[in-house]
Number of protein chains: 2
Amino acid sequence: MVADAVHVVVTRNGLEAASLRNVAEEAGLAIGSIRHYFTGHDELLIFALQELGRRVSERVWAHAETILGEARADRRRHTEDLLAEFLPLDAARHDELVLWHEFAMAARTRPALLAQANETHQILQDLVIRTVRGAQAAGGLPADLDVEVEGIRLRALLDGLGMQAVLFPQRFPPELQREVIRRHLDSLVRTGAGDVREERQQ
Amino acid sequence: MVADAVHVVVTRNGLEAASLRNVAEEAGLAIGSIRHYFTGHDELLIFALQELGRRVSERVWAHAETILGEARADRRRHTEDLLAEFLPLDAARHDELVLWHEFAMAARTRPALLAQANETHQILQDLVIRTVRGAQAAGGLPADLDVEVEGIRLRALLDGLGMQAVLFPQRFPPELQREVIRRHLDSLVRTGAGDVREERQQ
DNA sequence: TAATATTTAGCACACCCATGCGAAATAGGG
DNA sequence: CCCTATTTCGCATGGGTGTGCTAAATATTA
């Protein structure tokens, strides 16, 4: 697939290197061949981004169905595994994360990519929120938890941790990443949203 | 300053647009003039990154001295303000965050930038850890907290939240960002590292 | 087989890029 | 003023890029 070629080039040399020429060479095709399917450079990138979003969503959602379905004793472990899908714990997830960051960052200055990036982000955000809600419904989390905010907080944590682990791998070995997830889940389990607001005043 | 020109161009059009020509035009100079100071394109970018790191560190550390010094009654509020320096709550912080993300991402495929990016990241990470440690020493946080891990977790949260807020501003209004910070600090205050590990087994 | 559609390939163009180099302008010290 | 050092400038070169367009090759259908 030509999308794979884009992904390889972007992963290896960054999005700015994803020229028609480089992609064509990586795919073993001629420039004109690629341009037969994509009328312009933007369309190629949009397609590659769509394909990325499709794969990530598919993989993570498949993982999610295991946990969101019926109640199970090892829910906690499955939850950790699900969240671990957002982190670069192996080469596959590392590359997917790199791709996502490259495209998402590029979307800031390339309006053509923005819609697709937004959609992908939303899908994953919803998944995280659902996971939190599911854990709450299963009784593992305090009932008074603000699921929306906690979902956003958890997603932000995963995103930031994944980002840093990609940029500075030596500083964030897999075990440290897992420990951070565990700590966060622990704090969710043990903390109610509660009445902290009064205490907070002083 | 020529560094400002780089920053403006990168903020507006992304790092890939920071060519000698664009930067020179933004600075009101000729290409050759810039090349008199920087022997190549890489050196220009490295300098701009150094300058960015310097400014960010300076600003955030100045904010930090207020809080790390003596004990004060309104420590919680100052802590929130300090952490808010990592989020795009106004135009200045927004732009600084954009610059940081652009450079940090580029450092992945440009070894020339990696050292400087690493150093800047480390400085800020240390600051966050010190903040957590300070809060712990001041008695606001449980004594059995793992300061290192909590510092990393907090920094990851800030980084991820900042990233998403930059990419999808409409989804992350300032008040939501502040609420996430408050929630996180609340959870830190109320959660011990404790003996969750046994419960976790099942 | 013959005619047609689909896919692949390659060339030409105009544009932007980093860099090398020498000339022009400006500033500073004698 | 003159001489020198510093700074600014612009041209030339070689390479990369997206895109328009046409020709060739292949597959599909009649």
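What's counted below: heavy atoms across the whole structure, side chains too, no hydrogens, waters or symmetry copies.
- Side chain of H121(B) to main chain of Q164(A): no donor-acceptor pair is present (N/O by atom type, distance under 3.5 Å, no hydrogens or angles).
- Contact footprint of chain B on DNA chain D: nucleotides with an atom under 4.0 Å from a non-hydrogen protein atom, first to last in 5' to 3' order, dT7(D) to dG10(D).
- In the region residues 34-42 of chain A, proximity to DNA chain C at under 4.0 angstrom, judged on heavy atoms, holds for H36(A), Y37(A).
- The stretch residues 13-31 of chain A touches DNA chain C through L29(A), A30(A), each having a heavy atom under 4.0 angstrom from the strand.
- Checked for salt-bridge contact, R55(B) and E96(B) miss the test: no charged N lies under 4.0 Å from a carboxylate O.
- For the pair D186(B) and R182(B), the salt-bridge criterion is not met [side-chain N within less than 4.0 Å of a carboxylate O].
- Distance alone, capped at 3.5 Å, places no donor-acceptor pair between the H63(A) side chain and the H78(A) backbone.
- Listed for the H7(B) side chain is no donor-acceptor partner under 3.5 Å among the backbone atoms of L99(B).
- Remark: D81(A) engages R77(A) in a salt bridge, criterion side-chain N to carboxylate O under 4.0 Å.
- Of all nucleotides in DNA chain C, those with any atom nearer than 4.0 Å to a heavy atom of chain B start and finish, going 5' to 3', at dC17(C) to dG20(C).
- In summary, E80(A) and R76(A) engage in a salt bridge, as defined by a charged side-chain N under 4.0 Å from a carboxylate O.
- Within the structure, side chain to side chain donor-acceptor pair (under 3.5 Å) contacts touching residues 124-141 of chain A (residues at least two apart or in different chains) do not occur.
- Checking side-chain atoms of Q177(A) against main-chain N and O of G162(A) turns up no donor-acceptor pair under 3.5 Å.
- Between R35(B) and E43(B) there is no salt bridge, since no side-chain nitrogen of the basic residue lies less than 4.0 Å from a carboxylate oxygen of the acidic one.
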Can you list the steps and then say if E179(A) with R183(A) is a salt bridge (charged side-chain N to carboxylate O under 4.0 Å, His left out)? CA-CA 6 Å; E179(A) 176 61 19; R183(A) 285 281 313 138; 5.3 Å; no
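- Applying the side chain to side chain donor-acceptor pair (under 3.5 Å) definition to pairs two or more places apart or across chains, those involving residues 99-108 of chain B are E102(A)-R108(B), R108(A)-E102(B).
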